[in-house]
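One structure is given below, encoded as structure tokens.
Note that these values count all heavy atoms, side chains included, but never hydrogens, waters or copies made by symmetry.
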Amino acid sequence: MKKITIYLVAAFAICLNGVGQTVADIGWDWTGTKEVAPASGTYFSGLENTIFPGTPNEVFISCGGTARLDNSDGGLYVDKRIKQYEYLEVLENQTDYIEVSLTDNSAGKKITSVKINGTSNQVYAEGVTAGVVGIVYSDKAPFDVNSGIGYTSAEMAYCRAGNAGTTLTGVPNNCKSFRIYRKVLLSTFAGVYFVDEFGTMSAGSSKNSRIGHISVTLSGGGSAISSIDNDGKIVVSNEYFDVTGKKVNEDTKGFVIVKTAYEDGSCNISKVFNK
């Protein structure tokens, strides 16, 4: 198929916020007053989700133990197209977790910021007024239970009471993956944390911890797998739209508008004519 490319005059100078790039954004977020669709356009669709597959910003999210995907009609985090209220739920067991990890494609990156959002006041702990989950960080991808580089207990938001979510503090330098546990026991030796059923330290105290939104900000160098345009800039992703703004496939006939996101956080808009 022959393509004629016409570049538009202006590009978006910065299309991704902050010092890193928020590339893993799953589920409908909640600002405290309204629902917000995920920036990546990705929704919980199963116990494994890959964000930006095949790019230097690839992130893999999975569940372990008896953690599960659940949904119901109505409520917060509703995908208006399919009318489902979805969340990942970490159940009763110590071994249940949600894992967020970089991959071989994103090996040159690190995780610098994390936000999680609960879904209801059913995120709770016995005898306390707010739900608390245990977050364990690792400098390995995927997560390694024998190489933790830090941990925290994070209070979950009661979103139906208007809370806007929890941005985690103290994400360690060189974080490559982390796990969200209902409750986890840890041992430590020479500054390394080990997930250990006989450990003396604990993080988290929630019962059924429901998480409807996770967003992760990445920063750092490139990757072994990348795409470079004519200006020498590393391409993170391409999105395709018709003239009405509707998302289409790359090979759609006629004029196709291409939105290209780059490693440095800038964007470019071009128009392609597919015969």
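Cluster annotation: M201 and V145 are assigned to the same hydrophobic cluster (Ile/Leu/Val/Met/Phe/Trp/Tyr, side-chain heavy-atom contacts under 4.5 Å, transitive). Side-chain heavy atoms closer than 4.5 Å link hydrophobic residues (I, L, V, M, F, W, Y) into clusters, and following such links, even through other members, never connects V36 to I116. F60 and V100 fall into different hydrophobic clusters, where Ile, Leu, Val, Met, Phe, Trp and Tyr are joined by side-chain heavy atoms under 4.5 Å apart, directly or via other members. If you chain together hydrophobic residues whose side chains sit under 4.5 Å apart, L47 and V216 fall into the same group. F194 and V136 fall into different hydrophobic clusters, where Ile, Leu, Val, Met, Phe, Trp and Tyr are joined by side-chain heavy atoms under 4.5 Å apart, directly or via other members.
Across all non-hydrogen atoms, the minimal contact from P172 to G150 is CG-CA, 4.2 Å. The minimum heavy-atom distance linking K176 with G108 is given by the pair NZ-C, 4.2 Å.
Screening I26, I51, D25, I214 for a side chain to side chain contact (heavy atoms under 4.5 Å, CB included) with P38, the sole residue that qualifies is D25.
Every pair passing salt bridge (Lys or Arg N to Asp or Glu O under 4.0 Å) that includes a residue from residues 238-248 is listed here, sequence neighbours excluded: E239-K247.
Side-chain N or O atoms of T31 include one that pairs as donor or acceptor with a backbone N or O of K34 at under 3.5 Å. For the pair T152 (side chain) and A154 (backbone), a donor-acceptor distance under 3.5 Å is absent. In terms of modelled atom types and a separation under 3.5 Å, the side chain of S153 and the main chain of G204 share a donor-acceptor contact. In terms of modelled atom types and a separation under 3.5 Å, the side chain of N117 and the main chain of A164 share a donor-acceptor contact.
Side chains of T217 and T112: no donor on one and acceptor on the other come within 3.5 Å. With 3.5 Å as the limit, one finds a donor-acceptor pair spanning the side chains of E58 and T103.
Legend: residues meeting ring pair (Phe, Tyr, Trp, His ring centres under 6.0 Å) with Y193, ordered by chain and number and at least two apart, are Y151. Shown here are the salt bridge (Lys or Arg N to Asp or Glu O under 4.0 Å) partners of K115, two or more places apart in sequence or in another chain: D29.
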